[in-house]
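As C-alpha cells, the structure follows; a few thoughts come after it.
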2 protein chains.
Amino acid sequence: MTTAPAGDALIALYPILATLTARTRQRLEARAQFLELPAGTTVFDERQACRGFPFVISGSIRVVKAAPNGRELPLYRVTPGETCIISSACLLGQAPYNARGVTEADTTLLVVPNEDFQALLGEQAFRDFVFQLFSERIADLMQLIEEVAFRKLDQRLAALLLGKGQRLHTTHQQLADELGSVREIVSRLLKGLAEQGLVALSREQIEILDPAGLRRLAGG
Amino acid sequence: MTTAPAGDALIALYPILATLTARTRQRLEARAQFLELPAGTTVFDERQACRGFPFVISGSIRVVKAAPNGRELPLYRVTPGETCIISSACLLGQAPYNARGVTEADTTLLVVPNEDFQALLGEQAFRDFVFQLFSERIADLMQLIEEVAFRKLDQRLAALLLGKGQRLHTTHQQLADELGSVREIVSRLLKGLAEQGLVALSREQIEILDPAGLRRLAGG
DNA sequence: CCGGCTCTGTAACCAAGGTTACAGACGCCC
DNA sequence: GGGCGTCTGTAACCTTGGTTACAGAGCCGG
C-alpha cells in the first residue's frame with residue numbers, strides 16, 4: 001500500500017509525529033492523501049479554500065505572492081520537514097489562501113484533511129512543533145517586508161548572492177524571479193557589481209570575488 | 001492593590017482567561033507586571049530581547065518596521081482584547097524582536113513574563129486563542145506584503161481613505177505615516193483624487209465624494 | 001556547418017516616488 | 001492685531017526601477 005513507505009518517510013522527516021498516540025496515527029494514515037506532483041504544479045492558489053495541511057516528503061513548494069501583472073514575489077519555500085505557515089493560518093482561521101504554492105521540483109506530499117489537522121493540534125507536541133515553525137516563518141516574513149519596503153534592489157541582490165558558495169550557477173532571470181524583479185535590471189545591477197570588482201560574470205555563472213564588500217553593500 | 005481592578009478589566013477584554021485554572025490565574029496575577037505608559041512610549045524595539053507578553057487593557061500599540069532613514073511602515077495595531085503576533089513569535093522562538101512597538105495613546109498593559117506565557121500556552125483554550133489571532137495577523141501581513149510590493153501609492157491611499165466614514169479628520173502627514181510615505185506625495189496624490197472628483201479637501205478634513213470610484217481605484 | 005534556442009548586454013525612454021525648497025493659509029494665544 | 005506654529009500647495013529636480021527593443025554570444029542538435 002502506498003501510505004506505508006510514505007508513513008516511514010514522514011516520521012523520519014517529521015519526528016514529532018512519532019510522539020502521537022497510536023490512535024491518532026492510525027487515523028492519520030488512513031485518511032491522509034498521498035500526492036505525487038510534477039515540478040511546476042500549483043498546489044494551492046490565492047482565494048482558494050484550504051483543503052488540507054501538507055507535509056512535504058520530497059521536493060519543495062515555492063510560496064509566492066502574485067502581482068496582477070504576472071510578476072511574483074517569493075515568500076518562502078517549504079522543504080521536507082517544514083510546514084507551510086499559510087496553510088496553517090488558513091486552516092486555523094477558516095480563511096481562503098492568500099498566496100500561491102507551486103512545486104519547484106517533482107514533489108511528494110501527504111495532505112492531511114482539515115479535521116485531522118485540527119485533531120493533530122490536540123496533541124501538545126505537535127502543537128508546539130507548529131508554533132515553533134510559525135514563529136520562524138514570521139521572522140522570515142518580517143525580514144521580507146523590511147526588504148521590499150526599504151532596501152534597494154542592489155542591496156537585495158547582494159544579499160541574495162551571499163551564502164551560496166563562492167561560485168553560483170544560475171541565470172539572471174532566476175535571480176530576478178527570486179527578487180520579484182526583471183531580468184534587465186538584474187543584468188544592469190550585476191554589471192555594476194562587476195565594475196566594483198565584487199563579482200565576476202560569465203554565462204550562467206557568477207563568481208563572488210569580494211564577499212565582505214557584498215556584505216557591506218547588502219547591510220547598508 | 002493595583003492588579004485587582006486590572007485583573008477584572010483583563011478578563012472582560014480577554015474572556016479566554018476566565019477559563020484558566022484557578023492556580024494559573026493566581027500565579028498570573030501575582031507575577032504579571034502592570035504598566036501605565038504615556039502616548040509615544042517605545043514598548044519594544046528591533047533586536048531587543050522579548051521580556052514578556054503584553055495584554056493591552058486600554059490604549060493601543062502601533063507596531064512598525066523602521067527604515068534606516070527614519071521612515072516607518074506600520075505593520076498592525078494591538079488594541080485591547082488583541083495580542084501581538086511578534087511578541088508571541090519572539091517568545092516562542094526565543095528570538096529578539098524584529099519590529100518596533102510604540103504606544104499610540106496613553107496605554108495600560110499587563111505584561112506576563114516569558115515563563116508564565118509558556119505556562120499559559122499549556123492551557124488549551126488560551127493556546128487556541130493565540131493561534132486564532134496568529135492566523136488573522138498572518139493574513140494581514142500577507143495583505144501588507146502585497147500592498148507594498150505591488151500596489152501603487154494612489155491605490156493604497158484610496159484604500160486607506162475608504163471605510164472610515166464619509167468625512168475623515170486627519171492631516172496629510174498622518175496619512176503619509178500610515179502608508180510609510182511622505183507628506184508631499186500624499187498631498188500630490190490627494191490633489192489628483194480631488195481633480196477626479198473622488199474627494200473634496202479642506203484643512204484637516206477629507207470628504208469622500210465617490211466611494212465607488214475610490215474602491216475601483218484601490219482594487220485595480 | 002547551419003539554424004535555432006537560451007542567455008546576456010545595452011541603450012533609450014518612461015513612470016513612480018522621494019527630496020528640496022519655498023509660499024501661503026489657517027488657527028490660536030498673547 | 002501681531003506673532004508663531006501647524007498644515008497645505010506646489011514646482012523643480014533626482015533616483016530607482018521597469019519597459020521596449022534590439023544585437024550578439026554561446027550552445028546544441030540535425
Side-chain angles (χ1 to χ4, degrees), chain A residues 40 65-74 146-161 167-196 198-207 217-218 220, chain B residues 40 65-74 146-161 167-196 198-207 217-218 220:
Chain A
K65 226 8 189 169
N69 63 15
R71 288 228 312 266
E72 294 183 342
L73 179 70
E146 165 146 6
E147 286 193 6
V148 298
F150 300 140
R151 300 284 181 198
K152 287 191 301 172
L153 207 52
D154 57 349
Q155 299 183 298
R156 296 178 55 206
L157 177 58
L160 180 61
L161 295 178
R167 205 178 210 93
L168 41 165
H169 297 266
T170 178
T171 69
H172 297 184
Q173 184 62 56
Q174 286 173 327
L175 293 173
D177 290 345
E178 214 55 34
L179 296 170
S181 179
V182 296
R183 204 265 313 165
E184 291 86 336
I185 305 298
V186 170
S187 290
R188 186 200 278 172
L189 294 175
L190 280 174
K191 184 188 170 192
L193 298 184
E195 280 168 359
Q196 295 172 63
L198 299 172
V199 302
L201 305 176
S202 50
R203 188 185 173 87
E204 301 198 18
Q205 177 174 301
I206 299 172
E207 189 183 354
L217 175 59
Chain B
K65 222 18 186 163
N69 64 14
R71 287 225 317 263
E72 293 185 344
L73 179 70
E146 165 146 8
E147 286 192 6
V148 299
F150 301 141
R151 301 284 181 196
K152 286 191 303 171
L153 209 52
D154 57 350
Q155 301 183 295
R156 295 178 56 205
L157 177 58
L160 180 61
L161 295 178
R167 205 178 210 92
L168 40 163
H169 298 267
T170 178
T171 69
H172 297 184
Q173 183 62 56
Q174 285 172 328
L175 293 173
D177 290 345
E178 215 54 34
L179 295 170
S181 179
V182 296
R183 204 262 314 164
E184 291 85 337
I185 305 298
V186 170
S187 290
R188 186 199 278 171
L189 293 175
L190 280 174
K191 184 188 172 193
L193 298 184
E195 280 167 359
Q196 295 172 63
L198 299 173
V199 301
L201 304 176
S202 49
R203 188 185 174 85
E204 300 197 18
Q205 177 174 301
I206 299 172
E207 189 184 353
L217 176 59

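Residue numbers start from 1 in every chain, and the chains themselves are labelled A, B, ... in the order their sequence lines are given, proteins ahead of strands.
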Do A:Leu161 and A:Leu175 come within less than 4.5 Å of each other through their side chains, counting heavy atoms only?
yes
Return the CD1 to OG1 distance between A:Ile206 and A:Thr171, rounded to the nearest 0.5 Å.
9.0 Å
Drop me the distance from B:Leu201's CG to B:Glu207's CD, to the nearest 0.5 angstrom.
10.0 Å
For B:Glu204 and D:dG5, what is the distance between atoms CD and P respectively, to the nearest whole Å?
17 Å
Nearest heavy atom decides the nucleotide; on that basis, is A:Ser202 or B:Arg203 closer to the 5' end of DNA chain C?
A:Ser202
Using whole Å, what does the distance between atom P of nucleotide D:dC27 and atom NE2 of A:His169 come to?
13 Å
What parts of residues 177-185 of chain B reach DNA chain C, counting only heavy atoms under 4.0 Å away?
B:Ser181, B:Val182, B:Glu184, B:Ile185
Atom-pair distance (CG on A:Leu153; C1' on D:dT16), nearest Å:
9 Å
Return each pair, listed once, that meets salt bridge (charged side-chain N to carboxylate O under 4.0 Å, His left out) where at least one residue sits in residues 169-180 of chain B; pairs must be two or more places apart or across chains.
B:Arg62-B:Glu178, B:Arg77-B:Glu178
Taking the side chain as C-beta and beyond, is there a heavy-atom pair between B:His172 and B:Arg183 under 4.5 Å?
yes
How long is the gap from CG on A:Leu217 to CG on A:Leu157, to the nearest 0.5 Å?
8.5 Å
Do the side chains of A:Val148 and A:Arg156 get nearer than 4.5 Å, heavy atoms only?
yes
On DNA chain D, more 5' by nearest nucleotide between B:Arg188 and A:Lys152 is B:Arg188
Are the side chains of A:Val186 and A:Leu189 in contact, using a 4.5 Å heavy-atom criterion?
no
Interatomic distance, A:Gln173 CD vs D:dT19 P [rounded to whole Å]
12 Å
What's A:Arg71 touching, base or sugar-phosphate or nothing? Going by heavy atoms closer than 4.0 Å.
sugar-phosphate
Can you tell me the distance, in whole Å, between the CG atom of A:Leu189 and the P atom of D:dT15?
16 Å
Would you mind checking if B:Glu72 and B:Lys65 are paired as a salt bridge, meaning a charged N to carboxylate O distance below 4.0 Å?
no
Counted 5' to 3', the first and last nucleotides of DNA chain C within 4.0 Å (strictly under) of a heavy-atom of chain B are C:dA16 to C:dG27
Rounded interatomic separation in angstrom, taking CG from B:Asn69 and P from D:dT15:
16 Å
